[in-house]
Amino acid sequence: MSIQEQYRSRAKELLGEGSVKMVIGYGVGTTATRRRPIFITSPDETDRLVLDASCRTNLAGYLLREGLLADQKSIAVFLLPDGVRALNILAAESQLATAQIVVLGFEIKGEEVKPLEGTAAGDFSAIIAERKEQRKAQPSHEMAVKLEEMTPAERFAFWEKEFSRCIKCYACRAACPMCWCRRCVVDNNQPQWVNTSSHTLGNLEWNLVRAFHLAGRCVECGNCSEACPVNIPLHLLNGRMTDEVLTAFDHYPGADEQQEPVLASFRKDDPETFIL
Amino acid sequence: MSEPFEPKIVAFVCTYCTYAGADLAGTSRLKYPPNVRIVRLPCTGRISPMFILKAFQKGADGVLVSGCHPGDCHFDHGNYHARRRWTAFNALLQFTGVPEERVKFSWISAAEGIKFAELIDSITEEIRTAGPFEQYHKLIAETGSAASV
Ligand code: SF4
Ligand code: SF4
């Protein structure tokens, strides 16, 4: 039985026995490799589910749709390991209770999709721990290395050019499972923190604020870079923030649901190298 | 002849330590450059990175963020939280090419009037040498508004 069939029948079972009220998974999209999220509530619909190497979107954010979890019923969701990490962070930030979530975990190795053992968020701690070690050993992105080698003026010019294309559509925010604030600071107008005009100044401010607010919370799922209509390399900013929290605070975002948010906790002996 | 360049520096300080340190510098009649505009906050932990961006948005050439030494926070741990935020935000600023001399972080206690005066002296000099923050001023000019610190 293919993994897709396996997961379809799993979903059918869950819905059929009534242990979940909904399955959030992937369905066919508008092109051969595009997948779109689907929300299934009947066991008769489970053959719409697709599971293949194109299923890369992090679906965790859909769980926060207003009122969805209010009735205390359970929901099953297809998640890659990054998605489980997102789930852990959302639980740590009191946005949901993992007890209500049934994880349909899988991973993609090359072009191969593999099942992951477990149903509760906590069942995936071994693979997440493994991921942490991989992330620590992972060489920096080629462009990130180039950027570090540039002078500050060159770096500024690089980002100025990138951010000049931003249209403040906030698709990056909408696509991010961690961007759950009801009212984003960028929408605040008293005071107006981020310049609203369609110029590079506000675009730069927005992108700095976005990256900063995701420092230590971003799971590097790639939803934002994928969503950005003008291909701003958001993953470089996110990656730099992840590097920083990993090296400075040994913080791997979403390790488990007990993990304290890195910018809402501290250690008295946290490193400080730049403070005069 | 054009006027010599006078840097505009905004200092975000906590009222219990650095502000009191600045006060001590004043009452001790220590001289320091008048280039710094001090904004007083109730705690180091209240100094949001948004303030730094706001200062630059309004045309600042440099920003100083300063609070109580670790262990000295009036509210016990506001500065420990701040330190983590500064660490992440500082890394982000460096990564996006904001020159290191434009944003400084320091601990200055209520007893360190001399440290305050000397630090203002040295960062003013450093920014005077670096010149106006042209890269940012250009972005402000594009929006049609003028730098207004
Ligand atoms: S910032 Fe981007 S990569 Fe990070 S969690 Fe959000 S969508 Fe995923
Ligand atoms: S998705 Fe891209 S263009 Fe849209 S607001 Fe985000 S960075 Fe800007």
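When reading the values below, keep in mind they use all heavy atoms of this one structure, side chains included, and skip hydrogens, waters and symmetry mates. Letters A, B, ... are given to chains in the order of the sequence lines, protein chains preceding strands, and every chain is numbered from 1.
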* Would Thr98(A) and Glu257(A) satisfy side chain to side chain donor-acceptor pair (under 3.5 Å), going step by step from the backbone distance to the final call? -> CA-CA 8 Å; Thr98(A) 51; Glu257(A) 63 174 296; 2.5 Å; yes

* Portion of Leu208(A) that has a non-hydrogen atom of chain B nearer than 4.5 angstrom -> both

* How about Cys17(B) and Cys68(B): are their SG atoms under 2.5 Å apart? -> yes

* Salt bridge Arg85(A)-Asp256(A), side-chain N to carboxylate O under 4.0 Å -> no

* Option in Pro70(B), Ala91(B), Pro99(B) with maximal non-hydrogen atom pairs under 4.5 Å from chain A -> Ala91(B)

* Select, from Thr96(B), Asn90(B), Val65(B), Leu139(B), the one with the greatest count of heavy-atom pairs under 4.5 Å involving chain A. => Thr96(B)

* Residues Glu93(A), Arg217(A): salt bridge by 4.0 Å N-O rule -> yes

* Would you mind checking which part of Val185(A) comes under 4.5 Å of any heavy atom in chain B, side chain (CB onward), backbone (N, CA, C, O), both or neither? => side chain

* **Portion of Asn238(A) that has a non-hydrogen atom of chain B nearer than 4.5 angstrom** => neither

* To do: Please determine, among Glu154(A), Gln192(A), Glu244(A), Arg240(A), the option with the most heavy-atom pairs under 4.5 Å with chain B.
  => Arg240(A)

* Closest heavy-atom pair and its distance - Cys166(A), Asn203(A) -> O-ND2, 3.1 Å

* To do: Please flag which part of Glu205(A) lies under 4.5 Å from any non-hydrogen atom of chain B: side chain, backbone, both or neither.
  => both

* Structure fact -> chain A shares the most heavy-atom pairs under 4.5 Å, among Arg85(B), Glu142(B), Lys54(B), Arg83(B), with Arg83(B)

* Under 4.5 Å from a heavy atom of chain A, the part of Ile108(B) involved -> neither

* Test side chain to side chain donor-acceptor pair (under 3.5 Å) on His251(A) and Glu260(A) and set out the steps. => CA-CA 9 Å; His251(A) 183 94; Glu260(A) 282 187 289; over 6 Å; no

* Heavy-atom pair count under 4.5 Å with chain B, highest-scoring of Trp159(A), Phe156(A), Phe158(A) -> Phe156(A)

* Hey, which of Thr273(A), Leu204(A), Asp270(A) has the most heavy atom pairs under 4.5 Å with chain B? -> Asp270(A)

* To do: Sort out for me which of Leu236(A), Val245(A), Asp243(A), Thr151(A) touches chain B most, counting heavy-atom pairs under 4.5 Å.
  => Leu236(A)

* **Within residues 36-68 of chain B or reaching into it, pairs that qualify as ring-ring contact (aromatic ring centres under 6.0 Å, His included) - sequence neighbours excluded** => Trp193(A)-Phe51(B), Phe12(B)-Phe51(B), Phe56(B)-Phe133(B), Phe56(B)-Tyr136(B)

* To do: Under 4.5 Å heavy-atom distance to chain A, tell me which part of Val98(B) shows up: side chain, backbone, both or neither.
  => both

* Could you walk me through whether His235(A) and Ser225(A) pass the side chain to side chain donor-acceptor pair (under 3.5 Å) check? -> CA-CA 6 Å; His235(A) 52 274; Ser225(A) 293; 3.2 Å; yes

* Check each atom of Ala157(A) against the heavy atoms of chain B and say whether the ones under 4.5 Å are side chain, backbone, both or neither. => neither

* Asked: Trp206(A) and Phe163(A): aromatic ring centres closer than 6.0 Å?
  -> no

* Asked: So Phe116(B) and Tyr32(B), would you call those rings parallel, tilted or perpendicular, with 30° and 60° as cut-offs?
  -> perpendicular

* **Contacting region of Glu162(A) [heavy-atom separation from chain B under 4.5 Å]** => neither

* Check whether Glu148(A) gets within reach of chain B through its side chain, its backbone, both or neither, counting any heavy atom under 4.5 Å. => side chain

* Asked: Looking at His199(A), Met150(A), Glu160(A), which has the largest count of heavy-atom pairs under 4.5 Å with chain B?
  -> His199(A)

* Over 60° means perpendicular and under 30° means parallel, so classify the ring planes of Tyr80(B) and Phe266(A), tilted if in between. => parallel

* **Which of Ala215(A), Ser197(A), Ala264(A), Gly202(A) touches chain B most, by non-hydrogen pairs under 4.5 Å** => Ala264(A)

